[in-house]
Amino acid sequence: MQEALPYRSWPVTGPIGRSSRLSISVRSNGGGVKEMVRENAVLVIGRKGCCMSHVMNRLLLGLGVNPTVCEVEEEEEEAVVEELTVAGDGGRPQFPAVFIGGRLFGGLDRLMGAHITGELVPLLKQAGGLWL
């Protein structure tokens with residue numbers, strides 16, 4: 001008879017086939033979130049454990065993009081939204097939000113709509129998030 005292996009949580013050693021997951025901590029100078037938006041071609045920001053940010057992540061992974069996923073704690077949500085509002089082009093982001101090429105693209109509805117109409121892949125290529 002076979003013996004079952006005990007359950008063990010294994011740490012992820014690299015981003016192969018997975019997206020990078022970060023946890024945001026708001027800095028006092030307000031530069032952490034803006035730097036992340038500027039440095040990553042595709043960035044998904046959502047609440048910790050949000051199912052809609054998971055759907056965004058899976059859609060982008062299915063297209064061949066490895067987005068950076070940033071999970072925000074509930075206590076820091078308002079500060080992150082304020083920093084993104086100041087850094088962005090006037091729009092107030094709602095979580096989950098996806099940033100493509102350093103600009104706020106929108107939420108899940110906008111991402112799905114762009115995917116269905118076929119405008120998402122060229123946008124991802126232009127931003128450098130998709131190479132094929």
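These values consider heavy atoms only, across backbone and side chains, with no hydrogens, waters or symmetry-generated copies. Given the structure is predicted, the values throughout are model-derived calculations rather than measurements.
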Practice item. Indicate the atoms forming the closest heavy-atom contact of Met56 with Gly106, along with that distance. Key: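 Shortest heavy-atom separation between Met56 and Gly106 comes out as CE-O, 4.0 Å.
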Check your understanding: Taking all atoms of both residues into account, what is the closest heavy-atom pair of Ala97 and Leu104, and its distance?
Key ->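 Shortest heavy-atom contact: CB-CD1, 3.9 Å.
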So do the side chains of [X] and [Y] get within less than 4.5 Å of each other, counting heavy atoms only?
{"X": "Asp109", "Y": "Met112", "value": "no"}
{"X": "Leu63", "Y": "Val121", "value": "yes"}
{"X": "Phe95", "Y": "Val80", "value": "yes"}
{"X": "Val98", "Y": "Pro67", "value": "no"}

If you measure from [atom1] on [X] to [atom2] on [Y], what distance do you get to the nearest 0.5 Å?
{"X": "Leu43", "Y": "Thr68", "atom1": "CG", "atom2": "OG1", "answer": "6.0 Å"}
{"X": "Glu74", "Y": "Arg47", "atom1": "CD", "atom2": "CZ", "answer": "8.0 Å"}
{"X": "Ile100", "Y": "Leu111", "atom1": "CD1", "atom2": "CG", "answer": "6.0 Å"}
{"X": "Glu71", "Y": "Cys50", "atom1": "CD", "atom2": "SG", "answer": "9.5 Å"}
{"X": "Ile45", "Y": "Phe99", "atom1": "CD1", "atom2": "CZ", "answer": "5.0 Å"}
{"X": "His54", "Y": "Leu108", "atom1": "NE2", "atom2": "CG", "answer": "12.0 Å"}

Review point. Considering residues at least two apart in sequence or located in another chain, which fulfil the side-chain hydrogen bond (donor to acceptor under 3.5 Å, both in side chains) criterion with Gln126?
Key: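 For Gln126 there are no side-chain hydrogen bond (donor to acceptor under 3.5 Å, both in side chains) partners, ignoring immediate neighbours.
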Practice item. Tell me, please, which residues at least two apart from Arg110 pass side-chain hydrogen bond (donor to acceptor under 3.5 Å, both in side chains). Key: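 Per chain and number, Arg110 pairs via side-chain hydrogen bond (donor to acceptor under 3.5 Å, both in side chains) with no residue.
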Check your understanding: Ala41: what forms a side chain to side chain contact (heavy atoms under 4.5 Å, CB included) with it, not counting sequence neighbours?
Key ->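 Counting only residues at least two positions away or on another chain, Ala41 forms no side chain to side chain contact (heavy atoms under 4.5 Å, CB included).
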Practice item. Apply the side-chain contact (heavy atoms from CB on, under 4.5 Å) test between Val44 and each candidate in Leu59, Asn57, Leu60; give the one that qualifies. Key: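 One option only clears the test, and that one is Leu60.
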